[in-house]
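Quick notes on the structure that follows.
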Amino acid sequence: GALQLAEERGLRAVVALPLSPLPPVSSSLTWTPELLPHPRPGFHPGSFHSAPFRKTTAERLRQAAAALANSAAIAAFKPGNEPFWSTQPWPVLGYEPAVTGADRATTMSLLQARYGTPAAWRAAMPEKLTWNNFSFSPRDFHQGDSWADAAPSPTEFAGLTFPNFLAARYGTLQSLNTAWHPAKPFAAWGEIVPPRPVAKRFDPPVQVPGSRDVPAPWLTTSNTLPIAAAGEEQAWADWTEYWSHAVDETVSFWQRALHEAGWKKPVSTSAVTAHFLNDFNANAVSTATNPWISGAGLSAPGLDTYSLAYFQCYLRAMRGAAGDRPVYVLECGGASGPNHDGRDIDPDWAVFAALYGHAHGADALLFWRRDHKLEPELMLAISRAMRALDDEPLQSRSTPLIQGVGLVFALDSFFATQATAGRALPYLQTVQAALGALQQRQTLYDFRSDRSLGTEGLPADWRVLVAPGMTVVPAD
């Protein structure tokens with residue numbers, strides 16, 4: 001009924017399909033570095049590496065695509081929400097075999113070395129876990145008196161594993177061993193085990209500087225953050241980057257399921273957030289969200305952002321990464337209002353965001369409140385902005401301007417800083433300073449990653465290249 005009304009009024013909709021919780025199974029739980037089951041926080045009903053979860057998700061997406069394919073009011077399909085929360089928040093997670101890709105013999109050897117017997121492993125597990133409104137005992141999933149019976153079955157796993165990622169990056173085990181310098185060189189991809197972090201203590205506690213972009217009520221402090229053990233910095237940089245690729249592989253899987261059902265329109269979900277730059281709660285790396293990797297496979301990359309402080313930067317990064325694909329801001333205004341709770345979006349703020357967003361490369365903005373109620377004054381203001389943009393050449397044939405300035409985000413420096421300093425902020429602060437200087441001068445700039453320049457070369461209209469804080473230069 002809502003879509004029919006939208007079609008009658010000439011409106012376009014982005015249809016969001018929540019992925020409802022499913023009863024947990026062995027493969028839908030993540031593991032801690034201590035190899036114990038953990039109910040990973042997030043919006044999704046299971047691990048992205050769980051074959052049962054993927055099968056059910058694909059079936060739901062195909063059914064929805066078939067039911068909605070003929071609606072002219074739908075501009076795009078949005079499966080799920082914020083997949084990055086199901087990746088690697090601190091405390092660091094993801095050490096289950098479905099992710100590590102370790103062969104069965106390696107997994108059993110690790111468990112036996114740490115716990116001795118399956119019974120001791122089960123005794124170390126929490127007696128009860130609550131996950132997606134389900135209360136259960138993880139011990140029920142790992143029965144048996146031998147490790148062969150207790151360890152999860154590889155038939156329950158799916159998706160991109162850590163060794164898959166490493167094989168694509170290094171090509172050979174010899175190259176990997178040269179980069180990592182393991183105590184015992186790996187003889188097979190199945191022997192690889194992700195590095196486990198040590199906890200670095202910060203005194204006084206770390207607090208994200210949120211005066212520009214992070215609402216103050218969101219900020220927390222922390223005395224400990226994960227950091228690589230001595231000698232494992234490259235392994236840790238690879239491990240943390242892997243999660244961005246895992247998110248991209250997952251959302252690309254969702255998109256394939258829709259395409260298999262005949263869906264032809266763009267597919268978008270919020271695979272990128274402002275955290276990649278503002279380092280909200282030290283999550284720049286651990287949420288696995290950035291414009292150049294985590295949504296690379298989507299036909300319409302999506303962004304969540306909550307303020308206008310770095311708005312130009314976020315949109316220029318998305319536009320530079322997306323190329324000719326549409327870019328959607330899927331949550332705009334969610335942190336607005338006096339309490340930063342998304343319950344009061346100022347109409348003038350919304351008009352500015354709509355016009356400014358389009359000028360810097362957004363194809364659509366979705367205004368959002370936590371209670372999902374948009375007041376008439378806000379809707380009228382947004383309607384005025386829509387009328388101002390109601391010009392077909394402006395909408396479809398205009399591109400953002402730059403003034404010959406290209407800003408470079410150094411991905412390798414970004415991940416290396418996380419591995420050596422415990423957080424990415426020391427690198428990000430140099431980028432923030434460059435952005436502040438460009439914004440103060442009202443300079444229109446382009447924003448790309450160092451790796452895209454290595455594959456595509458410098459854009460022809462760049463006359464000045466700014467690469468703040470680059471400490472690691474890619475070989476290409």
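Computed from a prediction, not measured in an experiment: that's the story for all the values here.
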* To do: Could you please spell out the steps behind the side chain to side chain contact (heavy atoms under 4.5 Å, CB included) verdict for Lys78 and Ser270?
  => CA-CA 8 Å; Lys78 178 179 181 287; Ser270 42; 4.2 Å; yes
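- Ring orientation note: the planes of Trp292 and Phe276 are nearly perpendicular, at an angle over 60° on the 30°/60° scale.
- Taking the ring pair (Phe, Tyr, Trp, His ring centres under 6.0 Å) definition, one finds that Tyr356 meets it with Phe352, His360, sequence neighbours left out.
- Here the closest heavy-atom approach between residue Ala322 and residue Pro301 is recorded as CB-CG, 4.0 Å.
- A salt bridge is defined here as a Lys NZ or Arg NE, NH1 or NH2 lying under 4.0 Å from an Asp or Glu carboxylate O, and Glu249 with Arg54 meets this definition.
- In this structure, the side chains of Leu389 and Leu355 come closer than 4.5 Å at one or more pairs of heavy atoms.
- Residues passing the ring pair (Phe, Tyr, Trp, His ring centres under 6.0 Å) test with Tyr328: none are found, sequence neighbours excluded.
- To the nearest 0.5 Å, atoms CH2 (Trp263) and OG (Ser299) are separated by 10.5 Å.
- Counting only heavy atoms from C-beta outward, the side chains of Leu277 and Tyr314 approach each other to under 4.5 Å.
- Partners of Tyr427 under the ring pair (Phe, Tyr, Trp, His ring centres under 6.0 Å) rule, at least two apart in sequence or in another chain, are Phe409.
- Taking 4.5 Å as the limit, every side-chain heavy atom of Val251 sits out of range of all side-chain heavy atoms of Pro79.
- Between the side chain of Thr455 and the backbone N or O of Ser452 there is at least one donor-acceptor pair closer than 3.5 Å.
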* To do: Report the C-alpha separation of Val99 and Trp31 in whole Å, then their side-chain angles, then the decisive distance to 0.1 Å, and conclude whether the side chain to side chain contact (heavy atoms under 4.5 Å, CB included) test is met.
  => CA-CA 10 Å; Val99 170; Trp31 286 7; over 6 Å; no
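- Here the shortest heavy-atom pairing between Thr305 and Ala274 reads OG1-CB, 4.0 Å.
- Residue pairs meeting the salt bridge (Lys or Arg N to Asp or Glu O under 4.0 Å) criterion with at least one member in residues 426-443: none, sequence neighbours excluded.
- Here the rule is ring pair (Phe, Tyr, Trp, His ring centres under 6.0 Å) with Phe162, and of Trp189, Tyr95, Trp239 only Trp239 fits it.
- Few gaps surround CD on Glu8; more than 12 heavy atoms of other groups in view lie less than 6.0 Å from it.
- Here the side chains of Ser27 and Pro52 are in contact, with some heavy-atom distance below 4.5 Å.
- Sorted by first and then second residue, the salt bridge (Lys or Arg N to Asp or Glu O under 4.0 Å) pairs with a member in residues 303-315 form an empty list; sequence neighbours excluded.
- A distance of 11.0 Å separates NE2 of His259 from CZ of Phe77, quoted to the nearest 0.5 Å.
- Screening Arg316, Arg319, Arg463 against Asp446 for a salt bridge (Lys or Arg N to Asp or Glu O under 4.0 Å) leaves a single residue, Arg316.
- Using a 4.5 Å heavy-atom cutoff, the side chains of Phe141 and Phe136 are in contact.
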* Hey, mind stepping through Ser268 and Leu330 against side chain to side chain contact (heavy atoms under 4.5 Å, CB included) and telling me if it holds? -> CA-CA 9 Å; Ser268 184; Leu330 294 170; 3.6 Å; yes
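- Gln432 approaches Asn278 most closely through the heavy-atom pair NE2-CA, 3.9 Å.
- Nearest approach of Ala353 to Leu365, heavy atoms of both residues: O-CD2, 3.4 Å.
- Between the side chain of Ser28 and the main chain of Val25, a donor-acceptor pair closer than 3.5 Å is present.
- Side-chain contact check for Leu258 versus Gln255: every heavy-atom pair is 4.5 Å or farther apart.
- When all heavy atoms are compared, the tightest approach of Ser413 to Thr471 is OG-N, 3.0 Å.
- Here the side chain of Arg12 pairs no donor or acceptor atom with the backbone of Ala76 at under 3.5 angstrom.
- Between Thr273 and Glu82, the side chains place no donor N or O within less than 3.5 Å of an acceptor N or O (distance only, hydrogens not considered).
- Taken from CG in Asn290 to CZ in Phe415, the straight-line distance is 5.5 Å, to the nearest 0.5 Å.
- Taking CG from Leu315 and CG from Leu303, the interatomic distance works out to 6.5 Å, rounded to the nearest 0.5 Å.
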* To do: Report the C-alpha distance between Asp390 and Met386 in whole Å, list the side-chain angles of each, state the deciding distance to 0.1 Å, and finish with yes or no for side chain to side chain contact (heavy atoms under 4.5 Å, CB included).
  => CA-CA 6 Å; Asp390 189 15; Met386 291 171 65; over 6 Å; no
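- Nearest heavy-atom pair across Ala51 and Ala158 is CA-CB, 4.0 Å.
- Using a 30° and 60° split on the angle between ring planes, His245 and Phe165 fall in the tilted class, from 30° to 60°.
- In this structure, Arg325 does not pair ionically with Asp363, as no charged nitrogen and carboxylate oxygen lie closer than 4.0 Å.
- When side chains are defined from C-beta on, Phe414 counts as touching Leu428, because their heavy atoms get closer than 4.5 Å.
- Considering only heavy atoms from C-beta on, Leu458 stays 4.5 Å or farther from Arg448 through its side chain.
- A donor-acceptor pair under 3.5 Å is formed between the side chain of Ser294 and the backbone N or O of Ala271.
- The CG atom of Asp248 sits 14.5 Å away from the CH2 atom of Trp243 when rounded to the nearest 0.5 Å.
- Annotation: side-chain hydrogen bond (donor to acceptor under 3.5 Å, both in side chains) contacts of Arg169 (sequence neighbours excluded): Asp238, Glu241.
- Atom CG of Leu425 and atom CD of Gln418 lie 10.5 Å apart (nearest 0.5 Å).
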